[in-house]
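Below is one structure, written out as structure tokens; comments come after it.
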Amino acid sequence: MLPSDFEGPPAANVGGTVTGSPAAKDAGKPRLSMAWLVGMDEGSPALVGQAVSYQRSAKLQSDWDIGLAAPTETARWSGAVGARQVRLAVGKMVYFDDRVADERLDWACQGAACDQVKAVSRQFVVFVEAPLYCQPREGIPARPKILAGYHYYSLDGAVARELGRDEAVSFDVQGGDRALVESNPTEELETFVHVLLRQWAANPISGC
């Protein structure tokens, strides 16, 4: 980098490639929403949107404070972890242009007047309604193996890895004005759910 009044030859040339669609536009009415996977109990997964609150962090101007309320009852379902059942909700955060002006995404909407997805979180949001306890051994009381509340996971190949306390959620920017159906993360969420429950069941929760 050189000052604007520099008249000599450049020290080096730097090339680069812009990724994504050049037709991509910023959101006119930016909003953040959860896309919860629902219908797992019935075997017909769908998505339901839920508004997310956010504001600039008072500590760091480059960060945002995101407020997640408890998932709606519609978003919660029961999954089998071995012989046990755990009630949970699984979804992704979505940054979108709220063209319908209702602060949530209607994934069934089609057409130019519908909301437009601008970015989808790479990571998965998991809400556990009640802790899943280990089977106690003689003289050792039961203790929770999977805590209640929010957890954040990445899917690294075929492994669901819970994010550490200092790891941030990142987003994949969607190119162009894609229809909602093209940005629908249902299939990716289904894959993650199967990996997560299988992993929880394979990791012994008895006698821990």
Side-chain angles (χ1 to χ4, degrees), residues 19-20 27 30-38 40 45 47-72 74-82 84-96 104-105 107 117-134 143-175 183-205 208:
T19 59
R31 294 290 183 272
L32 199 60
S33 175
M34 279 301 307
W36 294 114
L37 187 66
V38 299
M40 291 297 291
L47 292 175
V48 64
Q50 184 175 355
V52 174
S53 65
Y54 60 99
Q55 62 182 7
R56 282 283 189 188
S57 171
K59 298 178 181 178
L60 293 171
Q61 279 301 71
S62 59
D63 283 4
W64 293 82
D65 293 328
I66 296 175
L68 292 177
T72 61
T74 310
R76 305 182 197 193
W77 45 271
S78 297
V81 180
R84 295 172 174 80
Q85 290 284 322
V86 59
R87 191 156 175 79
L88 71 163
V90 177
K92 283 193 164 218
M93 278 188 277
V94 181
Y95 173 71
F96 69 104
R104 69 179 187 85
L105 282 163
W107 292 94
V117 171
K118 296 299 181 181
V120 179
S121 66
R122 291 192 180 102
Q123 293 77 21
F124 301 83
V125 181
V126 178
F127 177 83
V128 179
E129 189 172 276
L132 188 62
Y133 284 89
C134 300
R143 59 189 178 91
K145 176 69 172 179
I146 302 169
L147 297 174
Y150 277 102
H151 303 260
Y152 301 88
Y153 282 85
S154 65
L155 189 58
D156 302 337
V159 177
R161 182 184 65 84
E162 186 164 8
L163 270 61
R165 199 177 280 268
D166 297 327
E167 292 184 88
V169 173
S170 56
F171 287 76
D172 279 324
V173 176
Q174 306 289 301
S183 303
N184 192 316
T186 299
E187 187 175 339
E188 193 177 356
L189 284 164
E190 281 185 274
T191 299
F192 171 75
V193 165
H194 293 309
V195 169
L196 181 68
L197 294 183
R198 185 169 61 245
Q199 193 167 298
W200 278 356
N203 183 16
I205 59 172
C208 56

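Because only heavy atoms are used, hydrogens play no part in the values below, and waters and symmetry mates are left out as well, while side chains stay in. Positions are given from 1, in the same order as the sequence printed here. Bear in mind the structure is a predicted one, so any value in this text is a computation, not a measurement.
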When rounded to the nearest 0.5 angstrom, what is the spacing between [atom1] in [X] and [atom2] in [Y]?
X	Y	atom1	atom2	answer
Asn184	Leu189	CG	CG	8.5 Å
Tyr95	Asp172	OH	CG	15.0 Å
Ile146	Leu196	CD1	CG	7.5 Å
Trp77	Glu129	CH2	CD	12.0 Å
Leu105	Leu47	CG	CG	9.5 Å
Glu167	Glu162	CD	CD	10.0 Å

- Let me see the working for Val81 and Leu197 under side-chain contact (heavy atoms from CB on, under 4.5 Å), right down to the final yes or no. CA-CA 6 Å; Val81 180; Leu197 294 183; 4.1 Å; yes
Within the structure provided, determine whether [X] and [Y] are in side-chain contact (heavy-atom separation under 4.5 Å).
X	Y	answer
Leu37	Thr186	yes
Phe171	Lys118	no
Pro71	Val125	no
Leu155	Val195	yes

Without swapping roles, check the side chain of [X] against the backbone of [Y] for a donor-acceptor pair under 3.5 Å.
X	Y	value
Glu188	Pro185	no
Ser78	Arg87	no
Gln50	Trp36	no
Ser121	Gln123	yes

Quick one: sort the Trp200 and Tyr153 rings into parallel, tilted or perpendicular, breaks at 30° and 60°.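 Trp200 vs Tyr153 ring planes: perpendicular.
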Ring geometry between Tyr150 and Tyr152 (parallel below 30°, tilted from 30 to 60°, perpendicular above 60°):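 Tyr152 and Tyr150: parallel rings.
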inquiry  = Please find the pair of heavy atoms, one from Val48 and one from Ala75, that lie closest to each other, and give the distance.
reply    =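 Shortest heavy-atom separation between Val48 and Ala75 comes out as CG1-CB, 4.2 Å.
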For Leu88 and Val86, the nearest pair of non-hydrogen atoms, with its separation, is CD2-O, 3.4 Å
Just do the side-chain contact (heavy atoms from CB on, under 4.5 Å) check on Met34 and Met93 with the steps written out, would you? CA-CA 5 Å; Met34 279 301 307; Met93 278 188 277; 3.4 Å; yes
